[in-house]
Structures are given as C-alpha cells and as structure tokens.
Amino acid sequence: MKKLIVLFLFFCLAGAGWQRSGSIALPKAQQVLDLTTDSSGEIWYLAPSSISKIDEGKGVVAFGKVSGKCLAILGQDIYLLDQEGRLVFIDSEGKQEKSTLIFNNPRQMVVFTIDEKPMFLVLEPGDLNLANDDKIVSSILLNAERIALVPGADYGEPQTPFFTLSNNQIKIWHGDDINNLESYKEQLLFNSSDQILDFSVDGAVNLYILFPDSMVVLDSTGTRKSRIGLENIGPGSRLIFNSRTGNLLLFNANENVVETFSRAKPGEGELIVLKKNYPNPVDDYTEIEFILSQPLNLTLTIYNLIGEPVKVLARGNFSEGRHKVIWHAEDERGNLMPNGVYFYRLESEKGVAIRQLVILR
C-alpha cells in the first residue's frame, strides 16, 4: 500500500516553479555531440564538424569548423577533445592550440579551476581522469555514463562532491583531495527502474534528472521536490543547468531543439490556484475553492489514500474567476466515507493541482 501512495503523489505533482520559456530549432539533421554554456550564459554546441553558438534572438550562429568529441568552456575559453582524443584550446577568434595530452576514448569533459588554474575531468569507459593542460594528475576506476560538478564549488576544498550517472543510478562522491581521485568514495543517492537519459546539478546542489517523459527535481539528499512533464525525449538528449541565468537547458535529440525552462516568479503563470478546503478536518461537509486566471475545461476529483477515485465533484468548462464546490464526504453512491486521509485533485490541459484533506467525525 505504501508503494501505491508514493507513486500517486509522485505523478500528481506537476513541475512546481518551472515553466518553458523558449525554444530554438537547430538545423535539420544537425547532430549534437555536446552542449555547454559560457560565463555569460551563452549556449554552445558541438556538431561532428563544427562549433556553433545559440543566440536566443538570432538563432544558431556558426563559430568555426572543427572536428571533435567533447566540448567544455571556462569563462570565454573553449576546450575541445578532438577526434584523436587530444586536448585542444580555441581562442575567441577560432585559433587552435593543441596540447600533448591525449585520451583514448573520451565520453565527456568538464572544466573547472583550482587555484585559478584550469583542470579537466575526463570520463572514459571504466575511468575518470583529472588532468591539467599537459598531463593526467589522478585517475580512478569508475564505470559511468555521465558526470556532473556543482557549479561554482571550490574543488580545492576536501569533501566537495561530484556526481555520476550509471545504470539508472545517481551517485554522490566525496573525497579528501580531488588531486587524489582514489580518495573518493561513492554513495547511492537515487535509483530508478526507468531509463535516465541525463542529469545536471545547480549551485544549491539540486539535481535535475531527465527521463523520456519527464524531468525530476531532487534536493541534495535525493528527496524528490517536483516533476516536470515532457514528451518525446529520446536517447542522446542533454540537460544542463545554466549557472549564469539560472535556467535549465534541454536538448531534445528527437526533435533537434534546445528548450529553456525558467523558474516562475511567485504568482506568475499560475493559471490554477487550488485553495485549502474548509473546514478541515471534515465532519459532514467541506468547501473546496479554486481560482482560474482564464476559462478552462477541468475535472475536480476526490481520491482515497491509495489513489482510487472516490467521487468526481466537478467536470466541464469553468469561467475565469473564483469557484466553490461542496463535498458532503460521500462517494458516488451517496455512502459516507470513513475517517482517514483523502486528496482532491484539480486537472486540466494546463496542469494539475492537488491538496490533502482529512475526514474526522
């Protein structure tokens, strides 16, 4: 029974506080190998033979022809792992300088600073390597599909965590010194039976996990905070947190678009406001009030604790404004419901709102 309760609550929680704020279509059949942002919040992506910048006002702007596997940007400095796995530095004019450092089969590269010097975490099959601009400093045996660092964190300090995705599990890693990766130990933070496509982390150590049909937000302990419903998200899609703007960026590989998700300001974009019922606890009746900022077709339903519908209180088109519905604590047949915890769920094509009530006679 507890499992049913958790699932019911999880899928009814619409992505509180986040909303789509933009979408940019990339050139047709353009394959995206990597996606990142610079210090000003500009979005960059790596294609098989070029690097391009996404201007939210002008669309895609080509930066230069180059062939590579992984892309990372620190400030305004661009770093590339080319087809040979060699580390390449690219300046603002597109001039390239190749390092002597070569990786065998890099999957992902993340750049950060220690003592104001650039350092690179490079993920390979079975290994995670820490390097400076010309040599590998430290390595650890690690099977992972993706890694993520906390934006703005000081990785010169001990116990500053990084995160990995492997086999639909998110793990957090702590260690004494990142220059000694072998000192890091893993701890399972989140496990899913569904396919995880990608994940990202923000500066407050909230985690954003991408599934084919949704994005789940967790806090630093792995506790679910909210869920954002999505559609048609395919393998190869990427999710990154833009630390400059505070937005989430989603590259949808199925549709070849980059979507922006922004936090809604308090009171902004609230099409449905579902109020607390009164009185609560409920004896023989209670009033449920909701406010609409535009006309909507909706359904208001009472559910029991295991997610079974008890009674539909309202269904149809409702005008903009304030509405009240009375429930006499009975089911569809007019039978009084026993004492316990119940939920009332207001659903429309614009979203879902849910609250809890208690019957106590």
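Quick caveat, the model's predicted, so the values are computed rather than measured.
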* If every non-hydrogen atom of Leu81 is compared with every non-hydrogen atom of Val122, which pair is closest and at what distance? -> CD1-CG1, 4.0 Å
* Identify the heavy atoms of Leu181 and Ser138 that sit nearest to each other, and give their distance. => N-OG, 2.7 Å
* Identified side-chain hydrogen bond (donor to acceptor under 3.5 Å, both in side chains) counterpart of Tyr45 within the set Arg238, Gln31, Lys53, Gln30 -> Gln30
* State whether a side-chain donor-acceptor pair under 3.5 Å links Asn297 with Asn317. => yes
* **Passing option when Tyr184 is tested against Trp173, Phe163, Phe162 for ring pair (Phe, Tyr, Trp, His ring centres under 6.0 Å)** => Phe162
* Whichever hydrophobic residues join Ile90 through chains of side-chain contacts under 4.5 Å -> Leu33, Trp44, Leu46, Ile51, Phe63, Val66, Leu71, Ile73, Ile78, Leu80, Val88
* How long is the gap from CZ on Phe261 to CE on Met215, to the nearest 0.5 Å? -> 4.5 Å
* Structure fact -> side-chain hydrogen bond (donor to acceptor under 3.5 Å, both in side chains) pairs touching residues 79-88, sequence neighbours excluded, are Ser67-Gln83
* Plane angle bin for Phe290 and Phe318 - parallel if under 30°, tilted between 30 and 60°, otherwise perpendicular -> perpendicular
* Structure fact -> Tightest non-hydrogen contact, residues Ile196 and Gln169, listed as CD1-N, 4.4 Å
* **Contacts of Arg322 that satisfy salt bridge (Lys or Arg N to Asp or Glu O under 4.0 Å) - sequence neighbours left out** => Glu289
* Under 3.5 Å side-chain donor-acceptor pair for Glu347 and Thr301 -> no
* To do: Would you list the pairs meeting salt bridge (charged side-chain N to carboxylate O under 4.0 Å, His left out) in which at least one residue belongs to residues 131-152, sequence neighbours left out?
  => Arg146-Asp198
* Using ring pair (Phe, Tyr, Trp, His ring centres under 6.0 Å) as the criterion, list what pairs up with Tyr155, not counting sequence neighbours. => Phe112
* **Short side-chain donor-acceptor distance under 3.5 Å, Ser166 and Asn143** => no
* Between CG of Leu274 and CD1 of Ile354, what distance do you get to the nearest 0.5 Å? -> 9.0 Å
* Using modelled atom types only, decide if a donor and an acceptor are shared between the side chain of Asp115 and the backbone of Lys117 within a distance under 3.5 Å. => no
* Any side-chain hydrogen bond (donor to acceptor under 3.5 Å, both in side chains) involving residues 93-108? Give me the pairs, sequence neighbours left out, ordered by first then second residue. => none
* How does the hydrophobic cluster around Val257 look, that is, which other residues are in it when side-chain heavy atoms under 4.5 Å mark a link? -> none
* State which residues pass ring pair (Phe, Tyr, Trp, His ring centres under 6.0 Å) with His328; sequence neighbours excluded, sorted by chain then number. => none
* Asked: Distance only, no hydrogens: is a donor on one side chain within 3.5 Å (strictly under) of an acceptor on the other, for Asn232 and Asn254?
  -> yes
* To do: May I ask you to decide whether Lys311 forms a salt bridge with Glu332, counting only side-chain N to carboxylate O separations under 4.0 Å?
  => no
* Please round to the nearest 0.5 Å and tell me the distance separating atom CG of Leu298 and atom CZ of Arg345. => 12.0 Å
* Gln356 and Tyr344: side chain donor to acceptor below 3.5 Å -> no
* ring-ring contact (aromatic ring centres under 6.0 Å, His included) partners of residues 215-239, not counting sequence neighbours, each pair once -> none
* Asked: Under 3.5 Å, side chain of Ser214 to main-chain N/O of Phe211, donor-acceptor pair present?
  -> no
* Donor on one side chain, acceptor on other, Thr223 and Thr221, under 3.5 Å -> yes
* Structure fact -> Residue pairs meeting side-chain hydrogen bond (donor to acceptor under 3.5 Å, both in side chains), one or both in residues 118-129, sequence neighbours left out, come to Glu124-Asn129, Asn129-Ser139
* Structure fact -> salt bridge (charged side-chain N to carboxylate O under 4.0 Å, His left out) pairs touching residues 152-162, sequence neighbours excluded, are none
* **Pairs flagged by salt bridge (charged side-chain N to carboxylate O under 4.0 Å, His left out) wherever residues 26-35 is involved - sequence neighbours left out** => none
